[in-house]
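Report on one structure; see the data block that follows.
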Amino acid sequence: MRSRVYLDWNATAPLRAEARAAMMAAMDVVGNPSSVHAEGRAARALVEKARAQVAAAVGCKPAEVVFTSGATEAAAVLGRLPVACVEVDPTAHDCLWSQRRDGEGSRAIGWGYANNETGLIAEPPAREAGVPLMLDIVQAVGKVPFSFAWSGAEMAVVSAHKFGGPKGVGALIVRDGVEIAPALVGGGQEMGRRAGTENVIGIAGMGAAAEAAQHDLEAGVWERVAELRNILEGALSSATNNTISVGKGALRLPNTLCLIAPGWKGETQVMAMDLAGFAVSAGSACSSGKVKASRVLKAMGFDEGQASQAIRVSLGPGVTEEAVLRFADAWCAQYRKALSRAA
Ligand code: PLP
């Protein structure tokens, strides 16, 4: 039996060996990072090493990194800003900005820098002075060069598992001097910005993954990923002449292909490909089992039908050309079948 092919890296990336090793080592460190004794200091050292690794990958100062349970928790701070209205990019990640508010007075902006469904990269809009900006850089980190220092944003959110770290750990990046009201209060950890004993094991894994991801990016491994994505795009687009490759030619992540296949539901595509041995997605994998027409595609102007016929294939550095071509063959064969059934 052929091994399965994982093509859903935007949902989550496989755990990196470096992250696994760092976590295994951290499991044997007994101390609480807030304790002053040697055991505590050893745990603190792991957290601070990871903070520096994440800062280097994101292009910010270590003191600007606040560890959280993931990007969703980090983004919750946006809802706690003393503003009346949080404006959200309509193509931003569905699950992230539930704290949207509407009202008069001062505003804040939540902006998805790289979209998880389409891979499209969009610079944030111009804004007036005093309007805080939070960037969702979850999909960008490790895949494309990004510098928080240069972005001009007040805040950014990051998630470890998208670049080969463990699930359930992430960070809020807060620009030096920007005051936030923490979502969690208690023991005053993370310089009072996120209370609760740090997830030392997860944080150590996140740091190691961030460093490895940065090395890979600098070594150019995503250029090959982009080549394979383009080969795949060509192969799938040639199956019929009416598929739409969303964002083709625009600035987008090197690994993401979002394809609308008229006459074939995204949900059915995912199931057919799963049976054929491939893991792909019909959009955002945000809540398990939920498959709806893509809100992102609708916000981009696609109709309900098109938005429900999209598939997202997202690659990563371990994916081979053989696997990509095998996927293309299987997908094209299944699409032809689906069209002939419908005819
Ligand atoms: N933002 C984007 C663009 C994502 O793709 C995801 C994960 O799917 C998140 C935020 C949420 O991250 P986390 O699961 O760490 O809360």
Side-chain angles (χ1 to χ4, degrees), residues 6-15 19 54 57-58 65-79 86 88-100 109-124 133-144 146 148 151 153 155-173 183-184 194 199 202-203 205-207 209-210 213 247 252-258 279-292 294-297 299-300 310 312-316:
Y6 185 74
L7 300 173
D8 203 9
W9 288 59
N10 286 10
T12 193
L15 189 71
V54 170
V58 169
V65 176
V66 179
F67 287 113
T68 63
S69 66
T72 307
E73 184 200 312
V77 159
L78 191 61
V86 178
V88 172
D89 160 20
T91 70
H93 195 275
D94 256 347
C95 312
L96 205 62
W97 314 104
S98 51
Q99 58 282 337
R100 175 184 197 136
I109 297 176
W111 190 261
Y113 180 74
N115 186 268
N116 60 307
E117 288 184 48
T118 61
L120 285 165
I121 295 174
E123 294 297 336
L133 169 67
M134 174 184 272
L135 290 180
D136 174 355
I137 56 169
V138 166
Q139 293 292 344
V141 175
K143 294 186 189 125
V144 289
F146 176 85
F148 179 76
S151 71
M155 289 165 285
V157 298
V158 185
S159 181
H161 69 103
K162 306 289 181 169
F163 53 80
K167 299 168 188 71
V169 56
L172 168 67
I173 314 296
L184 298 177
R194 198 275 190 184
N199 170 7
I203 289 170
M206 180 176 185
R252 60 186 165 150
L253 295 174
N255 73 324
T256 309
L257 173 62
C258 176
V280 292
S281 154
S284 148
C286 170
S287 72
S288 48
K290 182 188 82 177
V291 182
K292 291 196 291 195
S294 161
R295 197 185 57 82
V296 169
L297 295 182
M300 289 175 69
R312 176 187 73 188
V313 188
S314 50
L315 282 54

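In listed order, ligands and their atoms are each counted from 1.
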Requested in this report: Determine, considering heavy atoms only, which of Val169, Thr72, Asn10 sits nearest to atom 11 (C) of ligand 1.
Outcome: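 Heavy atom nearest to atom 11 (C) of ligand 1 belongs to Thr72.
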
Query raised in the report: For atom 15 (O) of ligand 1, which candidate among Ser69, Ala140, Ser159 holds the nearest heavy atom?
Result: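 That would be Ser159.
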
Query raised in the report: Does Lys162 come within less than 4.0 angstrom of ligand 1, counting non-hydrogen atoms of the residue?
Result: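 Under 4.0 Å: yes for Lys162.
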
Query raised in the report: Can you name the closest pair of heavy atoms from Gly112 and Asp89 and give their distance?
Result: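 That closest heavy-atom pairing would be N-OD2, 3.5 Å.
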
Query raised in the report: What heavy-atom pair brings Leu78 and Gly110 nearest, and what distance separates the two atoms?
Result: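 The answer is CD2-CA, 4.0 Å.
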
Query - Which of the ligand 1 atoms, numbered from 1, are nearer than 4.0 Å to a heavy atom of His161 - result: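 Close to His161: 14 (O), 15 (O).
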
Requested in this report: Going by the side-chain hydrogen bond (donor to acceptor under 3.5 Å, both in side chains) test, name the single residue among Asn116, Thr256, Thr118 that passes it with Asn10.
Outcome: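 Going through the options one by one, the only one that passes is Thr256.
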
Query - Close side-chain approach of Lys143 and Trp9, heavy atoms under 4.5 Å - result: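 Side chain of Lys143 against side chain of Trp9, heavy atoms only: no contact under 4.5 Å found.
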
Query raised in the report: Is the closest N or O pair between Ala71 and ligand 1 shorter than 3.5 Å?
Result: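 Yes - when backbone and side-chain N and O of Ala71 are compared with those of ligand 1, one distance drops under 3.5 Å.
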
**Report entry** Glu73, any N or O under 3.5 Å of ligand 1 N or O
**Finding:**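 Min N/O separation from ligand 1 is not below 3.5 Å for Glu73.
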
**Report entry** Side chain Ser294, main chain Leu297, donor-acceptor under 3.5 Å
**Finding:**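 Yes.
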
